[in-house]
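Worksheet for the structure shown next.
Any value given below was found using the heavy atoms of this structure, including those in side chains, with hydrogens, waters and symmetry copies removed. A, B, ... follow the sequence lines: proteins, then strands. Residue 1 opens every chain.
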Number of protein chains: 2
Amino acid sequence: MAKAKAPEKRVRILDAALKVFAEQGFYNARVADVARAAGVADGTIYLYFQNKDDLLISLFEERMEEIIAALRADLEATGGDALVRLRRMIERHLSMAVESPLLAEFITVELRQSAKFVREYENPRFQEYLTVLRDLVEEGQREGLIRSGMDSRLIVRAIFGALDEVLLTLTLASTTRSIDFREVAETLCDLFFHGMASGPRPGTMPRGPVVAP
Amino acid sequence: MAKAKAPEKRVRILDAALKVFAEQGFYNARVADVARAAGVADGTIYLYFQNKDDLLISLFEERMEEIIAALRADLEATGGDALVRLRRMIERHLSMAVESPLLAEFITVELRQSAKFVREYENPRFQEYLTVLRDLVEEGQREGLIRSGMDSRLIVRAIFGALDEVLLTLTLASTTRSIDFREVAETLCDLFFHGMASGPRPGTMPRGPVVAP
DNA sequence: CCGGCGATAATGAACCGCCATTCAGTTGTC
DNA sequence: GACAACTGAATGGCGGTTCATTATCGCCGG
């Protein structure tokens, strides 16, 4: 329980943790490494966080909160129909590779581990991120822009997975060459919206024998 | 380098490692846990593997080799055009959630970590898996079934990411309810091939000012 | 203003449990 | 009896965490 009023050091520690965890991975990183990077004594970290796990989770929570808040505000400001905002969201996601590579690396690499092994931690922020995406898809379905037959939760997982993997690739590659995430976003939108098949979609009419509504 | 001629125990150890790593994660698993699960003394593991990392990598390599070999054989036997075989590959990938949940969990969760932090390990098997996918996509492009404008490497990453994420979801969920991966595969194929947008694709004709051929 | 006092924040050396790895000894085999 | 396979208790060191000590700060009486 970090009830202290001093905010300064807490922030330094979180920033340092992001850097260290992104570079070395959570399990390979020593608490002492984070302390050194933050310019703080080892023990100080335990004034603000219960233990190493708590540091990881706090970092996750806070960064995700920021990301989600900024995303929501941006989508609000963007306006337009669901597809326009979906495209915007995709661009934002991929832009992390350029805007904040450390954060991108941290999230793409540590997300699964933490979700799975720091049990008793439901990872509500990640769920929330998915929900933003899902709301967009379902809004698109209501507006008739997106086919209604497709399970929105599945679609959302697929889109997120694709984005996450591509972001990881971009991040790892960006140390080498500079990349144009906008072009990448463009291609992915094209894929998600219209598919990769040549020619028109066969049988656009409602599927035959589904269970009667 | 495990030069021993006894195969029996090596296999038992690898099976045990898969189980333990899948359940606890590599970093949380103790070598002693693997030994116990294999019905073997701690030290025996070091007769077959250099160290814990080597055990992880060997497990990865061998399982991926099996997966890829089986996949290649299946695709060969399946025949049909690129899209048919691509669909087949997608089904196979997702079927892991049901056929071998431990393997699915191990791969979806440990892949990124190992790829990134067991450096000096290029992860050639993973690359190979992606290559199978890529060959299918490019064949489809050559046959005119898949739009040629799209960067095959990007498409492949996106598809793999989507599959991986969905497989993870299925795997975690399958402990709770039984799932129908075929239906899921169907939806994903539909998404990849035709997109989620309602109505026809705008401007199906070749893009305007490309560089003259 | 000063200086001293309690409280709070910060330090970092030492502690201690954990676990990967080893190796002297045991078992089994031909 | 020699050789190889195997064992599992012992080891070593690594690193998360603690806590006695020190520094810093806010405050107030003189």
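- Between B:Asp33 atom CG and C:dC18 atom P there is a gap of 13 Å when expressed in whole angstrom units.
- Atom P of nucleotide D:dC25 and atom CD of A:Glu8 are separated by 13 Å, given to the nearest angstrom.
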Check against side-chain hydrogen bond (donor to acceptor under 3.5 Å, both in side chains), A:Thr78 and A:Asp74: CA-CA 6 Å; A:Thr78 297; A:Asp74 186 342; 3.0 Å; yes
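- Partners of B:Asp151 by salt bridge (charged side-chain N to carboxylate O under 4.0 Å, His left out), not counting sequence neighbours: none found.
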Base versus backbone protein contacts along nucleotides 20-30 of chain C [heavy-atom cut-off under 4.0 Å; B, S, -]: SBB--------
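- Rounding to whole angstrom units, CG of residue A:Leu47 and P of D:dT17 are separated by 14 Å.
- B:Tyr48 does not carry B:Lys9 over the face of its six-membered ring by the limits of under 6.0 Å from the centre and within 45° of the normal.
- For the pair A:Lys9 NZ and C:dT8 C1', the computed distance is 12 Å after rounding to whole Å.
- A straight line from CG of A:Asn28 to P of D:dC14 spans 14 Å, rounded to a whole angstrom.
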Full working for ring-ring contact (aromatic ring centres under 6.0 Å, His included) between B:His93 and B:Phe181: CA-CA 10 Å; B:His93 192 101; B:Phe181 72 87; over 10 Å; no
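- Between B:Phe160 and B:Phe126, the ring center distance clears the sub-6.0 Å criterion.
- As rounded to whole Å, 12 Å separates atom P of C:dA10 from atom CZ of A:Phe49.
- If you measure from atom CZ of A:Arg36 to atom P of C:dT11, you get 14 Å, rounded to the nearest angstrom.
- Between A:Ile45 atom CD1 and C:dT11 atom C1' the separation is 12 Å, expressed in whole Å.
- To the nearest 0.5 Å, atom CG of residue B:Leu86 and atom CZ of residue B:Arg88 are 12.5 Å apart.
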